[in-house]
Amino acid sequence: MPALLAIAGGWTDYRTRRIPNWLTVPGLLLGIATNSWLRGWPGTKDSLLGASLGLALLLPFVLINALGAGDWKFVGALGAFLGPQNLVTILLLGVLVNGLMAVIMVIRKKRVRETARNMGRMLAAVLAMHLPGPDLTLDNPDLVKIPFGVAVAIAVMLYVSRRVWGMA
């Protein structure tokens, strides 16, 4: 089930750069219901912890407008299916995949120098403990944006494939 949610979320994020509520909200509820039905109270608890962990970890990025709310809800729904332990693995792998996608896009669009300058500005803002400015958010149409939902979907597929083929 999480693989189907990941494929749907990744595909819609790739095509439209959005992950709609009609996918994330039922995904969250289905993840909780499935784990509750299969494992009883421990399954319910894992689902709620996984969803809460995903939402809590990514909320700061949504609040500073560095991540879209659809990506945030998508990770929460995946957390409801996967539980907290598996979600942490998925998020770490997703961040690595997202970084690789970013490097490829920045090089392809010939924006290496500008990206390095923006990264320096973001680091300086973090060290000074303030926001980097509105020109470095998702609202800026000139910035190269990486669809995080696609990276997370790839991470889920890699993770599920590894488990299915007995390499876990």
Query raised in the report: For the hydrophobic clusters of this structure (ILVMFWY residues joined by side-chain heavy atoms under 4.5 Å, transitively), does one cluster hold both L87 and L96?
Result: no
Query - Over 12 foreign heavy atoms within 6.0 Å of CE, M1 - result: no
**Report entry** Side-chain donor or acceptor of D71 paired with backbone N/O of I19 under 3.5 Å
**Finding:** no
Requested in this report: Check side-chain contact (heavy atoms from CB on, under 4.5 Å) between P20 and all other residues, then give those that pass, not counting sequence neighbours.
Outcome: T12, W22, L23
Report summary line: Applied to residues 35-90, the ring pair (Phe, Tyr, Trp, His ring centres under 6.0 Å) test, sequence neighbours excluded, yields none
Query raised in the report: Of the options L5, I90, L93, N86, which is the one that meets V156 in a side-chain contact (heavy atoms from CB on, under 4.5 Å)?
Result: I90
Report task. Just jot down the side-chain contact (heavy atoms from CB on, under 4.5 Å) partners of L100, sequence neighbours excluded, or say none. Result -> I104
Requested in this report: State which residues pass side-chain contact (heavy atoms from CB on, under 4.5 Å) with I7; sequence neighbours excluded, sorted by chain then number.
Outcome: M157
Query - Whether over 12 other heavy atoms sit under 6.0 Å from R18 CZ - result: no
Query raised in the report: Who passes side chain to side chain donor-acceptor pair (under 3.5 Å) against D13, sequence neighbours left out?
Result: none
Query raised in the report: Would you say T24's side chain and K73's backbone share a donor-acceptor pair under 3.5 angstrom?
Result: no
Query raised in the report: ring pair (Phe, Tyr, Trp, His ring centres under 6.0 Å) with Y14: which residues, sequence neighbours excluded?
Result: W11
Query raised in the report: Going from CG on L91 to CG on L53, what distance comes out if it is rounded to the nearest 0.5 angstrom?
Result: 7.0 Å
